Number of protein chains: 2
Amino acid sequence: MSNLHRLPIVGKRIEALHGDAPALGPTQDPASKRVFVLAPGVAPVSDAEGDLDGLLQVGDLAREVGKTVRAIHHYESVGLLRPHARSKGRYRLYAKDAIARVRWVGKLHELGMSLAQIQQILTVWGQAASAPEAMRKIRAIYQQKLEEVRTQIARLSILEGEVEASLDYLTTCKTCDPNELVAACSACTNHEETHAEPELVAGIYATAESPKP
Amino acid sequence: MSNLHRLPIVGKRIEALHGDAPALGPTQDPASKRVFVLAPGVAPVSDAEGDLDGLLQVGDLAREVGKTVRAIHHYESVGLLRPHARSKGRYRLYAKDAIARVRWVGKLHELGMSLAQIQQILTVWGQAASAPEAMRKIRAIYQQKLEEVRTQIARLSILEGEVEASLDYLTTCKTCDPNELVAACSACTNHEETHAEPELVAGIYATAESPKP
DNA sequence: CCCAACCCTAACGTGTGCGTAAGGGTATGG
DNA sequence: CCATACCCTTACGCACACGTTAGGGTTGGG
């Protein structure tokens, strides 16, 4: 569904990778304002993905990984990615492994790393004297990330439990007098005493209001 | 606001300290900006924190909840909190329920809500016509947050698995020739074929380096 | 009275990850 | 030649949650 245009390649020849999944659904992003329109009258049905020469323009790459062109540019600007070549008109041309790179960035970002931190990994990688050494360092980073993500999951699980407890606690309110005012909540005695008031509930009616009209 | 679904990975907080050190007089520690000292000379035994009628100064509150004074001020500026009184010299004085309020804010923030969103809850609460109605709305909000946090946990769990798989995959590198260069990794055949190369590994050696000196 | 340790109100600064113009080429079908 | 639909670089803007001066009062013990 990408453009079928052939792009002149000016730079050095880049190793073209082949053998990837051929038919990728266009996967239009509905939440995005980005418009993925086909050229009018063009319906690239059988010509699934193989861009000529196997290189991708930045827009193709962006679509492939679900990012915006701006994001790709940004990644490049912080040293996370570089086009393998440029067209005669200075269009960025990416090999397919750029897809893996961007996805990799995305995952690490989801793991809570900043782009700068992710870039550090590449630096570590590039400066390592040997492959085993590089991998040791990468492993160390990943090991730490693993612990962090586990900690985070634990934290969220606790919060999950607290939200559940609060919802449970608040079910009692369904039986409350419909004319009762919120001001009375802080002195409410309708809740079971078996459960203490959750912090996610108690904090609501502290003596500090909001509206300042 | 494209990532409302995203929850903060990690929350930093300041360790809440309690001054229980012996009376050393006013500490002038140049290494620490924040000085946690009890009133010099006197260590009140039973009257642990009753500054004025059981009210807390902003610094006391901050220490109690592990936030900075600036953060407390900020919360006030966005309508999340208000002092119950002011001293003659316009010092903010908080009742103890302010502690619950701030903790409540902290938890909701950890759940991925912005301060503005949290403030919305207070607005909803304050504008509700009756207590049961207010609680219904709160429950709806919490219900949604519960789903979001569960989604987030699921996402992180997947990532956790991927990191684990990557670490597992990279163990093979320990047996790699110590003189092997990183450039050879992309063509490495030492790894078991039973597991495909994890994306968290593959992305590292795409053809886009970093150092641009 | 003095001083240290607090507190006050602005108000500007910071780090992150892009969004959004602005102004202008490039590539290709018709 | 023209109309699209891409692409380029540069650069300012933004949302968030505070951090950080800056300049100056307040509190309370000694």
Side-chain angles (χ1 to χ4, degrees), chain A residues 2-10 32-42 51-52 56-63 67-78 80 83 86-94 105-106 109-110 112-119, chain B residues 1-4 6 8-9 11-14 19 23-29 32-42 51-52 56-63 67-78 80 83 86-94 105-106 109-110 112-119:
Chain A
S2 318
N3 59 23
L4 305 171
H5 308 160
R6 158 171 286 291
L7 292 169
I9 298 159
V10 160
S32 167
K33 58 178 66 167
R34 292 165 51 226
V35 190
F36 298 149
V37 274
L38 291 175
V42 176
D51 235 18
L52 307 164
L56 304 160
Q57 288 189 185
V58 63
D60 301 325
L61 175 58
R63 250 161 286 156
K67 304 271 180 184
T68 64
V69 169
R70 178 65 177 97
I72 304 291
H73 285 171
H74 184 55
Y75 292 166
E76 181 176 343
S77 77
V78 296
L80 288 173
R86 292 272 191 156
S87 77
K88 200 173 80 179
R90 296 199 46 76
Y91 281 24
R92 271 166 264 251
L93 300 176
Y94 299 93
V105 170
H109 194 203
E110 279 190 281
M113 301 182 72
S114 69
L115 299 188
Q117 287 176 317
I118 298 170
Q119 208 283 326
Chain B
M1 294 231 176
S2 57
N3 36 6
L4 292 177
R6 295 211 55 194
I9 284 293
K12 56 183 171 185
R13 56 176 57 174
I14 299 173
L24 299 172
T27 307
Q28 37 195 16
D29 187 357
S32 169
K33 284 187 173 181
R34 300 192 51 194
V35 188
F36 298 132
V37 225
L38 285 179
V42 175
D51 226 12
L52 294 170
L56 305 160
Q57 287 189 180
V58 64
D60 302 324
L61 175 59
R63 251 161 283 154
K67 303 271 181 185
T68 65
V69 170
R70 179 65 177 97
I72 305 291
H73 285 170
H74 183 56
Y75 292 166
E76 181 176 344
S77 77
V78 296
L80 288 172
R86 292 272 191 155
S87 78
K88 203 175 78 177
R90 297 198 45 75
Y91 281 25
R92 271 166 264 250
L93 300 175
Y94 297 93
V105 170
H109 194 204
E110 280 190 277
M113 299 183 73
S114 70
L115 298 188
Q117 288 176 317
I118 298 171
Q119 208 282 328

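The model shown is predicted, which means the values in this text are computed figures rather than measured ones. First the proteins, then the strands, lettered A, B, ... as listed; each starts at 1. Note: hydrogens, waters and symmetry copies are ignored here, and every other heavy atom, side chains too, is used.
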Spacing of [X] atom [atom1] relative to [N] atom [atom2], expressed in whole Å:
X	N	atom1	atom2	result
B:Leu115	D:dA15	CG	C1'	12 Å
A:Gln57	C:dT26	CD	P	14 Å
A:Tyr94	D:dC7	OH	P	10 Å
A:Met113	C:dT16	CE	C1'	14 Å
A:Ile118	C:dT16	CD1	P	12 Å
A:Arg70	C:dG17	CZ	C1'	9 Å
A:Leu61	D:dC8	CG	P	11 Å
A:Glu110	C:dG17	CD	C1'	15 Å

Between atom CG of B:Leu80 and atom CD1 of B:Ile72, what is the distance when rounded to the nearest 0.5 Å? 10.5 Å

Least distance between heavy atoms, [X] atom then [Y] atom:
X	Y	value
B:Met113	B:Gln117	CA-OE1, 3.3 Å
A:Ala62	A:Val69	CB-N, 3.8 Å
B:Ser87	B:Leu93	N-CD1, 3.6 Å

Detail all sub-3.5 Å separations between protein N/O atoms and N/O atoms belonging to nucleotides 24-26 of chain D.
| unit_1 | atom_1 | unit_2 | atom_2 | d |
| --- | --- | --- | --- | --- |
| D:dG25 | N2 | B:Tyr91 | OH | 2.5 |
| D:dT26 | O4' | B:Tyr91 | OH | 3.4 |
| D:dT26 | O2 | B:Tyr91 | OH | 3.0 |

Taking the minimum atom-to-atom distance to the side chain of A:Arg92, which one of D:dC8, C:dC7, C:dT20 wins? D:dC8

Can you list everything that forms a side chain to side chain contact (heavy atoms under 4.5 Å, CB included) with B:Arg70? Sequence neighbours excluded, please. B:Thr68, B:His73, B:His74

Quick one: label A:Val58 by what it contacts on the DNA or RNA (base, sugar-phosphate, nothing), any heavy atom closer than 4.0 Å. sugar-phosphate

Candidate pair A:Arg92 and A:Gln57, rule side chain to side chain contact (heavy atoms under 4.5 Å, CB included), full reasoning: CA-CA 6 Å; A:Arg92 271 166 264 251; A:Gln57 288 189 185; over 6 Å; no

Give a yes/no on whether any side-chain N or O of A:His73 is located under 4.0 angstrom from OP1 or OP2 of D:dT9. no

Are any of B:Thr68's side-chain N or O atoms less than 4.0 Å away from OP1 or OP2 of D:dG19? yes

